[in-house]
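As a basis for the values below, the full set of heavy atoms in this structure was taken, side chains included, without hydrogen atoms, waters or symmetry mates.
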Amino acid sequence: MPLLTNRKKSIIEYLYTAECEAREVVKVTDEYPDLTIEEAYELQDRLLAHKLKDRGTKIVGVKLGLTSKAKQKMMGVNEAIYGYLHNDMLAYEWEAINFAELIHPKVEPEIAFLMAEDLQGETITAEDVIRATKYIAPALEIIDSRYKDFRFTLVDVVADNCSSSKFVVGSKWVSPNAIDLENIGMVMSKNGKVEQTGSSAAVLGHPATAIAWAVNELGARGKGLKKGDIILSGAMSEAIAFMQGDTVIAEFDGLGSVSMHCK
Ligand code: 0L1
Ligand code: MG
């Protein structure tokens, strides 16, 4: 990695403090409009290294963002993005999420992949991803951009680890070969009222295609997925906001359900 410049150091401090204090901040590119996407991915790595030093955070997987054409269009981009899942992001169905630790959280339904083996390369296909996957499971991702009003450029959101905050994985894990991965229907409800419906087809046409894209991006940077990693393949519908007292449940065809409660 190149030497850490003072401006990168201050961006890392800025984003880390915002997260620790659950406080929204203006986007990084307001002060540094010339930051590049490559620098943003470097900042993401540096932020993780900083957390590792400060509180022992470890990588447990990878998440994809902007995997729907609708979200890409909204941001004026043609590409997905990726970030890292950390051990301290893992949340559980049976343990309420604490609203006081978050800024303005939203939740979105995703399909989680559990890797059976390492996967690295620059010409990886969806078939390679499926071959290297042990199980898939229903999941909820809680995103909580550190930026004011969830407004940012592509560079900002990548530096902010793609708005990652928490994730919950449901209890039904199935082989990727036991289900039509391309066409899993989903209904997400909040406090018993249906809020979103969606399909795995919304994830770049097929969640394994989305993961193959991320593996190739990681591969170009000399990285890859590891056996045991959890991968969140991308949102199957729009994210919904939630508050203290809310319960969100997403039900997936053939995969059962996954839920979260916020206190
Ligand atoms: O997981 C996601 O799709 C979030 C990516 C970043 C964009 C956002 O915060 O909406
Ligand atoms: Mg997501």
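- The NZ atom of Lys8 sits 6.5 Å away from atom CG of Leu43, with the distance rounded to the nearest 0.5 Å.
- Distance OG1/Thr133 to CG/Asp128: 10.0 Å, rounded to 0.5 Å.
- No side-chain heavy atom of Leu48 sits under 4.5 Å from any side-chain heavy atom of His50.
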Review point. Do Asp229 and Leu85 pass the side chain to side chain contact (heavy atoms under 4.5 Å, CB included) test, and can you show the C-alpha distance, the side-chain angles, and the key distance before you say yes or no?
Key: CA-CA 9 Å; Asp229 274 356; Leu85 299 175; over 6 Å; no
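- Residues Pro109 and Leu140 come closest through the heavy atom pair CA-CD2, 4.1 Å.
- Using a 4.5 Å cut-off between side-chain heavy atoms of Ile, Leu, Val, Met, Phe, Trp and Tyr, with links allowed through other members, Leu119 and Tyr135 fall into different hydrophobic clusters.
- Other residues, nucleotides and ligands contribute at most 12 non-hydrogen atoms within 6.0 Å of the CD atom of Glu238.
- A donor-acceptor pair is defined here as one N or O able to donate and one able to accept, closer than 3.5 Å; no such pair exists between the side chain of Asp88 and the backbone of Thr57.
- For Glu19 and Arg55, the salt-bridge test passes: some basic side-chain N is under 4.0 Å from an acidic carboxylate O.
- If you check the side chains of Ser10 and Tyr32, you find a donor sitting under 3.5 Å from an acceptor.
- Looking at Lys148 and Asp30, no side-chain N of the basic residue comes within less than 4.0 Å of a carboxylate O on the acidic one, giving no salt bridge.
- In this structure, the side chains of Gln72 and Leu204 come closer than 4.5 Å at one or more pairs of heavy atoms.
- Considering only heavy atoms from C-beta on, Leu90 comes within 4.5 Å of Phe167 through its side chain.
- To the nearest 0.5 Å, atom CD1 of residue Ile143 and atom CD of residue Glu110 are 8.5 Å apart.
- Taken together through direct or relayed side-chain contacts under 4.5 Å among Ile, Leu, Val, Met, Phe, Trp and Tyr, Val107 and Val169 form parts of separate hydrophobic clusters.
- The shortest heavy-atom contact between Ala116 and Lys227 is O-CG, 3.3 Å.
- The CD1 atom of Ile230 lies 12.0 Å from the CE atom of Met89; values are rounded to the nearest 0.5 Å.
- Counting only heavy atoms from C-beta outward, the side chains of Tyr147 and Val28 approach each other to under 4.5 Å.
- Nearest approach of Leu15 to Ala159, heavy atoms of both residues: CD1-O, 3.7 Å.
- The two residues Arg46 and Ile12 make their nearest non-hydrogen contact at CB-CD1, 3.1 Å.
- By the 4.5 Å heavy-atom criterion applied to side chains, Asn191 and Lys193 are not counted as neighbours.
- Rounded to the nearest 0.5 angstrom, His206 NE2 and Leu181 CG are separated by 5.0 Å.
- For the residue pair Val25 and Ala18, the shortest heavy atom distance occurs at CG1-CB, 3.7 Å.
- Using modelled atom types, one side-chain atom of Gln44 and one backbone atom of Tyr82 make a donor-acceptor pair closer than 3.5 Å.
- A donor-acceptor pair is defined here as one N or O able to donate and one able to accept, closer than 3.5 Å; such a pair exists between the side chain of Asp144 and the backbone of Ile103.
- Here the side chains of Val62 and Leu225 are in contact, with some heavy-atom distance below 4.5 Å.
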Exercise for review: Give the intermediate values and the outcome of side chain to side chain contact (heavy atoms under 4.5 Å, CB included) for residues Ile81 and Leu154.
Suggested key: CA-CA 8 Å; Ile81 51 178; Leu154 197 66; 3.6 Å; yes
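- For the atom pair CD (Glu93) and OG (Ser171), the distance works out to 5.5 Å, reported to the nearest 0.5 Å.
- For the pair Val157/Ser163, a side-chain contact is recorded, criterion being any heavy-atom separation below 4.5 Å from C-beta on.
- Within the 3.5 Å criterion, the main-chain N or O of Cys162 finds a donor-acceptor partner in the side chain of Lys63.
- Residue-environment remark: NZ (Lys73) stays at or below the threshold of 12 foreign heavy atoms within 6.0 Å.
- Residues forming a ring pair (Phe, Tyr, Trp, His ring centres under 6.0 Å) with Tyr14 (at least two apart in sequence, or on another chain): none.
- Residues Ile179 and Met236 share a single hydrophobic cluster, defined by chaining ILVMFWY side chains whose heavy atoms lie under 4.5 Å apart.
- Contact check for Phe252 versus Lys172: no side-chain heavy atoms found under the 4.5 Å cut-off.
- More than 12 heavy atoms of other residues, nucleotides or ligands shown are found within 6.0 angstrom of CD on Glu21.
- Other residues, nucleotides and ligands contribute only 12 or fewer heavy atoms inside 6.0 Å of the CG atom of Asn78.
- One hydrophobic cluster holds both Val203 and Ile142 under the rule that ILVMFWY side chains link at heavy-atom gaps under 4.5 Å.
- Taking all atoms of both residues into account, the shortest heavy-atom contact from Gly234 to Thr67 is CA-OG1, 3.3 Å.
- The pair Glu217-Arg221 meets the salt-bridge criterion, since a charged nitrogen lies less than 4.0 angstrom from a carboxylate oxygen.
- Within the 3.5 Å criterion, the main-chain N or O of Ile97 finds no donor-acceptor partner in the side chain of His261.
- Criterion: ILVMFWY side-chain heavy atoms under 4.5 Å apart, direct or through other members. Under it, Tyr84 and Ile37 are part of a common hydrophobic cluster.
- Checking side-chain atoms of Ser237 against main-chain N and O of Gly198 turns up no donor-acceptor pair under 3.5 Å.
- Ring orientation note: the planes of Phe150 and His104 are tilted relative to one another, at an angle of 30° to 60°.
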Exercise for review: Take Ile136 and Val174 through the side chain to side chain contact (heavy atoms under 4.5 Å, CB included) test and state the conclusion after the steps.
Suggested key: CA-CA 5 Å; Ile136 62 159; Val174 307; 3.8 Å; yes
Exercise for review: Check the pair Glu79 / Leu66 against side chain to side chain contact (heavy atoms under 4.5 Å, CB included), numbers first and verdict last.
Suggested key: CA-CA 7 Å; Glu79 272 226 340; Leu66 306 185; over 6 Å; no
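- Between the Asp160 side chain and the Arg146 main chain, a donor and an acceptor come within less than 3.5 Å of each other.
- Of the candidates Glu39, Glu42, Glu31, Arg7 forms a salt bridge (Lys or Arg N to Asp or Glu O under 4.0 Å) with just one, namely Glu39.
- For Lys27 (side chain) and Val155 (main-chain N/O), no donor-acceptor pair under 3.5 Å exists by modelled atom type.
- For the pair Asn216 (side chain) and Ile124 (backbone), a donor-acceptor distance under 3.5 Å is present.
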